Amino acid sequence: QIWSRDMFGMRRWIALCLAFLFVVSGSPNAPLYLYYSSLRLDNAVYATEKSLESIKQDYSFIRNCTKVASNSTPIDGTVPLYTYFSAQYNDTANVATAESIAYLKSKNYQMIGIEGYIYPSDFSSDGLPLKLYWSEARSDLFLTGCTADEQSAIAAGYVLRGIEGYAPLVFHEWANTPPDDCPFKQSTTLEGIQMSYRTGVYGKADTWYSSWSSDDNLYSMWTDGSVNGTPGGFRHNTTGFAVAMGDDPLNLTIANIGTFESFPSPYEGRYPSANLVYNG
């Protein structure tokens with residue numbers, strides 16, 4: 001439901017919500033699944049039943065990382081996303097650019113098939129970038145469209161080779177049907193909300209209650225976890241306070257302002273429950 005609650009910074013909060021992951025039922029697009037083989041130290045993404053059937057023994061499912069136009073229903077303007085394999089490197093690679101295909105052929109990778117179709121790397125619209133990473137230590141090429149997987153790859157020493165293309169964005173429109181007894185007026189500014197496959201990962205804490213301030217930032221308390229290495233929660237008798245800065249929900253800067261110590265006795269814990277920036 002879309003209601004007018006601007007005093008709580010709802011416009012900015014809704015912008016953050018647009019980054020969350022939703023699935024559209026009945027979509028002609030096919031899920032692109034991430035699998036990993038600990039035996040081969042190999043990351044690979046698959047969409048077709050043929051590919052999934054071939055890797056059941058050695059690979060474990062990690063996550064559904066995005067969607068591509070399915071193998072049987074390419075979209076106008078898209079290019080194939082190929083799967084290649086190297087017996088020498090024990091590596092599966094998913095590529096779409098002519099440069100990457102030429103590189104794989106020079107290393108004697110063999111083409112296995114087409115997983116689906118994506119927009120080319122020079123695509124100018126707002127698609128989801130599929131980035132190709134390389135690990136020299138693991139001899140592993142890794143294609144990802146997920147922020148969390150990208151961060152994990154960088155932490156493990158992977159190096160970005162480039163963008164292979166863009167996954168078609170698939171949106172789910174949130175039903176705008178407030179109940180008859182809803183106490184809030186329907187917004188005249190926001191006409192609808194669509195959820196996409198784009199995600200951002202920003203920390204390891206919970207209990208966030210964001211409030212917009214006149215400096216165009218979001219301020220929130222947090223607890224039960226850590227922000228930028230600073231711990232908080234009932235085990236530490238502390239509640240944290242942080243600021244979220246930036247206009248791109250996928251590229252925010254989260255800074256911890258401080259923590260407040262307060263022993264919860266005689267209770268087991270003490271948690272924040274609301275937050276509002278006033279005259280600020």
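Keep in mind it's a predicted model, so treat the numbers as computed, not measured.
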Step by step, work out the side-chain contact (heavy atoms from CB on, under 4.5 Å) result for F241 and N256.
CA-CA 6 Å; F241 203 73; N256 189 50; 5.7 Å; no

Checking Q186 against N176: is there a side-chain donor and acceptor pair closer than 3.5 Å?
yes

Run the side chain to side chain donor-acceptor pair (under 3.5 Å) test against Y219 and tell me which residues pass, sequence neighbours left out.
D215

Residues passing the side chain to side chain donor-acceptor pair (under 3.5 Å) test with S135, sequence neighbours excluded, are none

Give every residue pair that meets the salt bridge (charged side-chain N to carboxylate O under 4.0 Å, His left out) criterion with at least one member in residues 83-112, sequence neighbours excluded.
none

The criterion is side chain to side chain donor-acceptor pair (under 3.5 Å); which residues satisfy it with D140, sequence neighbours excluded?
N43, Y158

Please list, chain by chain and in numerical order, all residues satisfying side chain to side chain contact (heavy atoms under 4.5 Å, CB included) with A255, sequence neighbours excluded.
V243, M245

Can you sort out the partners of F61 under ring pair (Phe, Tyr, Trp, His ring centres under 6.0 Å), two or more places apart, ordered by chain and number?
Y33, Y35

Is the backbone N or O of V277 less than 3.5 Å from a side-chain atom of S211, with the two atoms forming a donor-acceptor pair by type?
yes

Applying side chain to side chain donor-acceptor pair (under 3.5 Å), can you list everything that pairs with T259, at least two apart in sequence or on another chain?
none

Tell me if a side-chain donor or acceptor on D224 pairs with a main-chain N or O of D206 at a distance below 3.5 Å.
no

Holding to salt bridge (charged side-chain N to carboxylate O under 4.0 Å, His left out), I want the full list of residues that pass it with R40, two or more places apart in sequence or in another chain.
D58

With sequence neighbours excluded, what pairs up with I163 under the side chain to side chain contact (heavy atoms under 4.5 Å, CB included) test?
P129, K131, Y166

